[in-house]
Amino acid sequence: MAQLWGGRFTKETDQLVYNFNASISFDKKLYAQDIRGSIAHVMMLAKQGILTDIEKEQIIDGLEGILSDVEKGKLKISDAYEDIHSFVEATLIARIGDAGKKLHTGRSRNDQVALDMKLYTRDEITQISHLLEELLRAILAIMEEHMETVMPGFTHLQKAQPITLAHHMGAYFEMFKRDHERMRDIYKRMNTCPLGSGALAGTTYPLDREYTAQLLGFDGPTLNSMDGVSDRDYLIELMSALSIVMMHLSRFSEEVILWNSNEYQFVEIDDAYSTGSSIMPQKKNPDIAELVRGKTGRVYGALMSLLTTMKGIPLAYNKDMQEDKEMCFDAMDTAKGCIALFTGMLRTMQFQTERMEKSARQGFTNATDAADYLVNHGVPFRDAHGIVGRLVLYCIEKNIGLDDMTLEEYREISPVFEEDIFDAISLETCVNKRVTVGAPGKTAMKQAIKLYKQYLREARRKEEWNRN
Ligand code: ARG
């Protein structure tokens, strides 16, 4: 048992209590952030004359040595310490002696852990943004290639109207673009430095909090020390945004699973992203998509867990808040893994464009356009709807499509039909006449693609928001 606070205690902590309380098994993930924060803290203490320059050099050398030894695997983070903060401080003191004992001047583990967690989360947000950009690029590549690939659009999982594969993919581009924007919003709102908040009420040392904030790439210090140590909103926001990312990935996975099924055969998932069955030799299962869909629950779980943990906590720091880590770390790792794998699966997936077009031809996806034809010839829409309904019924009985009917058959049901009905209900016309903003027609799609390309170009340029 190694802890920082033995002084006022006369008995050893019970081993079970110690184990229950300790967080090193999971907060060791924060070692780099903990050391980075400590270096900034020490630089500020020396600048303010609270530490001498010699002490500063010794401590920073010591901390850098610990960082590089941990990274090289020469120093193992031992579970014998209560948490990562104790491990770093105790190791520093063991290595450099008395100067190390001054590291914690004007600081509490409360503002320290608040800082570590923010630094960690900020890096994660940057990584997640980059992964989302890769996903957006993969979607955009499919869009550019398939502006003319007609497929059925569905409502209620029933064929509704013809669209293009580019248009369908564009819907996901919009979703993940919003997810990408959310990362940036969270980053901007969370980017304030809690270090210097102390345990809860600041400190009596003349700390320069602006300086520490600047050293660590924050926009400035947090403005209330009680909130500084106990704010976990940014994590809740991230968990919420990641839950939405997962919900989008899960919907997309569901479609990939359906499309990959024998019944649809719209896509074929690459062998590298499929798995076989131990008993049924013919099987090629979409396990990756299923796992992504399944892992969504874990990320939702992290959001619910943290919201629940935080709801009853009086100001300021309470130990409940240690529970912010395990599930959030897991959610971040899970979401990153899912985005990356999904992107890979998408990049290697084959689209069976002929099957898609054939499917769009069956199922009366052009019925609305037949009704619109009548409207354009002066028939009120409600009557047109009824006439086309009868056409569809006739086709179902004869087991044919609207395009297979003769003009005579059309005219028996309504004399308004002329020879040009066939052109009006061809799938190509149905798609390409839809050119209002956001529609699947080629002109509209080209415009959307142009804007999406611009968005991705600017996403990289605007990277000053995560300059740290
Ligand atoms: N392990 C703690 C956490 O994750 C660090 C802060 C401890 N502070 C305290 N006063 N016990 O929240």
Side-chain angles (χ1 to χ4, degrees), residues 1-9 11-38 40-41 63 66 70 77-92 103-124 190 193-203 212 216 222 224-236 238-239 302 305-333:
M1 289 189 228
Q3 51 219 12
L4 298 169
W5 38 263
R8 100 171 293 288
F9 288 74
K11 269 204 219 163
E12 278 280 305
T13 321
D14 180 274
Q15 187 63 48
L16 281 178
V17 173
Y18 180 84
N19 294 347
F20 188 67
N21 197 47
S23 52
I24 188 102
S25 63
F26 49 87
D27 67 17
K28 60 173 131 193
K29 236 176 152 73
L30 298 173
Y31 74 90
Q33 289 75 14
D34 198 70
I35 292 173
R36 185 174 174 202
S38 289
H41 182 61
L63 288 170
I66 295 174
V70 170
I77 301 176
S78 155
D79 276 1
Y81 293 87
E82 181 189 344
D83 54 30
I84 189 63
H85 326 296
S86 317
F87 168 79
V88 172
E89 191 175 324
T91 312
L92 181 73
L103 166 65
H104 209 52
T105 313
R107 188 175 72 170
S108 155
R109 272 187 299 166
N110 297 350
D111 57 348
Q112 188 177 355
V113 78
L115 172 69
D116 293 1
M117 206 52 194
K118 265 198 169 176
L119 288 174
Y120 186 89
T121 307
R122 208 174 58 171
D123 285 352
E124 290 289 302
M190 72 168 284
C193 182
L195 197 61
S197 298
L200 76 162
T203 78
T212 335
L216 293 167
T222 52
N224 179 292
S225 57
M226 294 183 82
D227 180 57
V229 289
S230 65
D231 165 35
R232 299 292 182 274
D233 288 7
Y234 66 93
L235 264 178
I236 296 175
L238 181 61
M239 289 307 112
S305 160
L306 188 55
L307 278 171
T308 312
T309 296
M310 294 303 293
K311 76 179 262 293
I313 302 186
L315 285 173
Y317 179 84
N318 295 258
K319 191 69 173 224
D320 319 38
M321 295 170 90
Q322 181 167 291
E323 286 295 308
D324 65 353
K325 296 184 188 59
E326 280 164 290
M327 291 190 74
C328 289
F329 288 154
D330 179 73
M332 296 181 218
D333 291 343

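Just so it is clear, the structure is predicted and the values come from calculations on it, not from any experiment. Each ligand, and each atom within it, is numbered from 1 in the order the structure gives.
- The shortest distance between side-chain heavy atoms of R109 and E89 does not fall below 4.5 Å.
- By the criterion of a heavy-atom distance under 4.0 Å, the side chain of K325, and not its backbone, is placed next to ligand 1.
- Side-chain atoms of D111 come within 3.5 Å of backbone N or O of S108 as a donor-acceptor pair.
- For T309 against D320, the heavy-atom pair with the smallest separation is CG2-O, 3.5 Å.
- Any N or O atom pair closer than 3.5 Å counts here, and H85 shares no such pair with ligand 1.
- In this structure, atom 1 (N) of ligand 1 lies nearest to the protein heavy atom Q322 OE1, 2.7 Å.
- The nearest heavy-atom contact from the protein to atom 6 (C) of ligand 1 is Y317 OH, 3.5 Å.
- Side-chain rings of F329 and Y120 approach one another, their centers coming within less than 6.0 Å.
- The closest donor-acceptor contact from the side chain of Q112 to the backbone of H104 lies at 3.5 Å or more, if one exists at all.
- Residue S23 approaches ligand 1 through these ligand atoms, each under 4.0 Å from one of its heavy atoms: 1 (N).
- Nearest to atom 8 (N) of ligand 1 among the protein's heavy atoms is N110 OD1, 2.9 Å.
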